[in-house]
There are 2 protein chains.
Amino acid sequence: MGLKQSTSKAAAKPREAAAPSGSQTLLRGLDVLEAAASGVIGLADLAARLELTRSTAHRLASVLVERRYLAFAPREGYTLGPKLLELGFSARQQMNIIRIAAPHLEALSVATEDTVHLGVQEGALALYLDKIPGRRRVEIGSRVGERQPLTTTGLGKALILDESEERWHELFMADLGARASENAFRIWLKRMRAYARDGHAFDLEENEDRIRCVSAPIREAGGRIAASISLSSAAQYMSDSRMEQLAKEVKATTAAISRELGWRGDPPRA
Amino acid sequence: MGLKQSTSKAAAKPREAAAPSGSQTLLRGLDVLEAAASGVIGLADLAARLELTRSTAHRLASVLVERRYLAFAPREGYTLGPKLLELGFSARQQMNIIRIAAPHLEALSVATEDTVHLGVQEGALALYLDKIPGRRRVEIGSRVGERQPLTTTGLGKALILDESEERWHELFMADLGARASENAFRIWLKRMRAYARDGHAFDLEENEDRIRCVSAPIREAGGRIAASISLSSAAQYMSDSRMEQLAKEVKATTAAISRELGWRGDPPRA
DNA sequence: TTGCAGAATTTCATATTATGGGATAAAATT
DNA sequence: AATTTTATCCCATAATATGAAATTCTGCAA
């Protein structure tokens, strides 16, 4: 079987947890899939990018084509196949938060004309589950399935509103790393306290330049924060007064979704 | 390595094309993925369903979890993971027909309150690319990524409107198989001629009971049929007169999309 | 608390299956 | 026609996936 994988892999990337355990063929197959996610890619490029021989790349890709995970156009290359449409659709169906929230997000997007995101916490990151582009011609650089820091995004801040200040500190340091001064944390902490009190959060161009967000948490039965939504737009549309106004609308939306999830409690403080 | 795969696979399912070539591990990995698509599934069930040992099922599933293709809840089981949301999203982006058509489909759905489908031809089948559920509480049994016959669905008929009558005959026989009488074909042919003349097609409960559809083709630059859309609802909402009315709306929608694809020609006959 | 049963994970010797070099064929480009 | 690029296939080799069994976890009952 393979020869140079042991050398190249051990030497090249000491990824997190470094799990060389397991199924090389499956891992390589997934690599092929993901290589095609970034756009059409020919066999030669594919093999080069993944450091596989043409034979191996071809064999793996052929299996994926046969199973409809990839589509192949003879002189063009490989693209993602219809099976991924299907599985993506099924994945959405399985996350009931997405199903339940969808109509509410849609309504909020129509009412405000801005981009709406839905997300949950996954590990120490915020995972984007859904995105409804606004009517304005502002591109928000986010992709469904992607993860972003918890402490520098509106979505993320709303997810950790209930955490202790110790935990906040941990997360802040983890996200900002070396760039985090104690002073920067104090400013951020002060804001977070206000957000926690008010039950909503803002993002003032911290994560992405010229983009401001308003966000709020969704609570499930029992009160735990299960998800959050954010409303994003270019700073020019996001005056302080409009953000305060939007906060009310966002909270009305999260309240409605929370109610569907069985949360009957009052919004935290009044 | 494996022992019984050669016996069980050869004996069990002589699938189409019967390709024992290639990558067992990758194929099994994909099997695991698809097993989780139908709902949460525990390791034991997973192993049983795929006729794998617990070890193997566990190893494959663990790789998929690590890569975020599956999510795992300790006492619950495996579900589809966020990576599939991401790849599904990317797959949509890569099919520009979906991107271009989406707002038009949305508008049509809002205007009619019925379910809108977008599809293309893939081999001898119609592939569903997008689905926008209508406001009515009617469940249309279709899934994005799935394939349906060309000759018995509204979407499919619109896709083959330009084909020769010989080709129609071939496809009809292929879809209906033994159940197809020459007489049934003659009736169908007569309708198809009318559909081809009018530039739209109907589905009168042929594919799914109590469901009627109105459909029309989308043409790309050069006039070739690149896709089609259909509007589906329960038969009770689909009187003959309303279907004629809807045909106009559907054709207006496909015309708009075709124009965006560069088709400047007249609608076929006037 | 203790014990138990089922689930989850790990280990390891074995040989089946993936591998990659190269050969072949088929298009495109010159 | 000659050449380059791309696609597919073949096959000896041994690296990798495999499954039986052992071990660790976890929740629940007694």
Side-chain angles (χ1 to χ4, degrees), chain A residues 1-12 17-33 35-36 40-67 70-79 81, chain B residues 1-12 17-33 35-36 40-67 70-79 81:
Chain A
M1 285 175 159
L3 328 164
K4 57 176 60 169
Q5 122 290 343
S6 57
T7 48
S8 71
K9 211 158 210 173
S21 69
S23 319
Q24 187 184 73
T25 310
L26 178 52
L27 286 167
R28 285 177 166 182
L30 301 181
D31 286 339
V32 170
L33 249 196
V40 357
I41 184 169
L43 184 64
D45 293 335
L46 192 64
R49 170 108 75 100
L50 303 180
E51 302 187 63
L52 298 174
T53 59
R54 270 215 210 65
S55 301
T56 302
H58 179 260
R59 189 158 9 84
L60 296 174
S62 295
V63 167
L64 291 170
V65 167
E66 200 177 333
R67 294 290 220 112
L70 291 181
F72 179 60
R75 283 265 137 184
E76 294 240 26
Y78 297 92
T79 51
Chain B
M1 284 179 161
L3 327 166
K4 57 176 60 169
Q5 121 289 341
S6 55
T7 48
S8 71
K9 210 157 209 173
S21 69
S23 320
Q24 188 183 73
T25 309
L26 179 51
L27 286 167
R28 286 177 165 182
L30 300 180
D31 286 339
V32 169
L33 206 55
V40 353
I41 184 169
L43 184 63
D45 294 334
L46 191 64
R49 170 107 74 100
L50 303 181
E51 304 186 64
L52 299 174
T53 59
R54 267 214 211 61
S55 302
T56 303
H58 179 259
R59 190 159 7 84
L60 296 174
S62 295
V63 167
L64 291 170
V65 168
E66 200 178 334
R67 294 289 221 112
L70 290 181
F72 179 60
R75 285 262 140 182
E76 293 240 26
Y78 296 92
T79 51

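Letters A, B, ... are given to chains in the order of the sequence lines, protein chains preceding strands, and every chain is numbered from 1.
Rounded to an integer number of Å, the gap from Ile41(B) CD1 to dA8(C) P is 12 Å. For Asp31(B) and dT18(D), the CG to C1' distance is 16 Å, given to the nearest whole Å. If you take CG of Leu26(A) and C1' of dA17(D), they are 11 Å apart, rounded to a whole angstrom. Computed from coordinates, the Leu27(B) CG to dT16(C) C1' distance equals 15 Å when rounded to whole Å. Between Leu60(A) atom CG and dA17(D) atom P there is a gap of 11 Å when expressed in whole angstrom units. Spacing between atom CD of Glu51(A) and atom P of dT19(C) amounts to 15 Å, rounded to whole angstrom units.
Residues His58(A) and Leu46(A) form no side-chain contact, since every pair of their non-hydrogen atoms from C-beta on lies 4.5 Å or further apart. Leu52(A) places none of its side-chain heavy atoms less than 4.5 Å from the side chain of Asp31(A). Leu30(B) places a side-chain heavy atom less than 4.5 Å from the side chain of Leu64(A). Residues Val32(A) and Leu70(A) have side chains in contact (heavy-atom distance under 4.5 Å, counting atoms from C-beta outward).
Nearest heavy atom pair, residue Glu76(B) against residue Val40(B), reads O-CG2, 3.9 Å. Across every non-hydrogen atom of Thr25(A) and Ser23(B), the tightest pair is CG2-CB, 3.9 Å.
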Handout entry: Letter per nucleotide, 5' to 3', of nucleotides 4-9 of chain D [B base touched, S only sugar-phosphate touched, - untouched; heavy atoms, 4.0 Å]
Key = --SSBB

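Taking CG of Leu60(B) as the reference point, atom OH of Tyr78(B) lies at 10.0 Å (rounded to 0.5 Å).
Taking the side chain to side chain donor-acceptor pair (under 3.5 Å) definition, one finds that Ser55(A) meets it with nothing, sequence neighbours left out.
Two end axes, each from the C1' atoms of five base pairs, can be drawn for the helix from dT1(C)-dA30(D) to dT30(C)-dA1(D); they diverge by 50°, to 10 degrees.
For Thr25(A), counting side-chain heavy atoms from C-beta on, the closest listed nucleotide (dT19(C), dG21(C), dT18(D)) is dT19(C). Comparing dG20(C), dA20(D), dA17(D) against the side chain of Ser23(A) picks out dA17(D) as the nearest.
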Practice task
Given side-chain contact (heavy atoms from CB on, under 4.5 Å), test Leu26(B) with Arg28(A) step by step and report yes or no.
Solution key: CA-CA 9 Å; Leu26(B) 179 51; Arg28(A) 285 177 166 182; over 6 Å; no

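One finds a side-chain N or O of Arg59(B) lying less than 4.0 angstrom from the OP1 or OP2 phosphate oxygen of dT18(D). When the side-chain nitrogen and oxygen atoms of Gln24(B) are compared with OP1 and OP2 of dT16(D), none of them lie within a distance under 4.0 Å.
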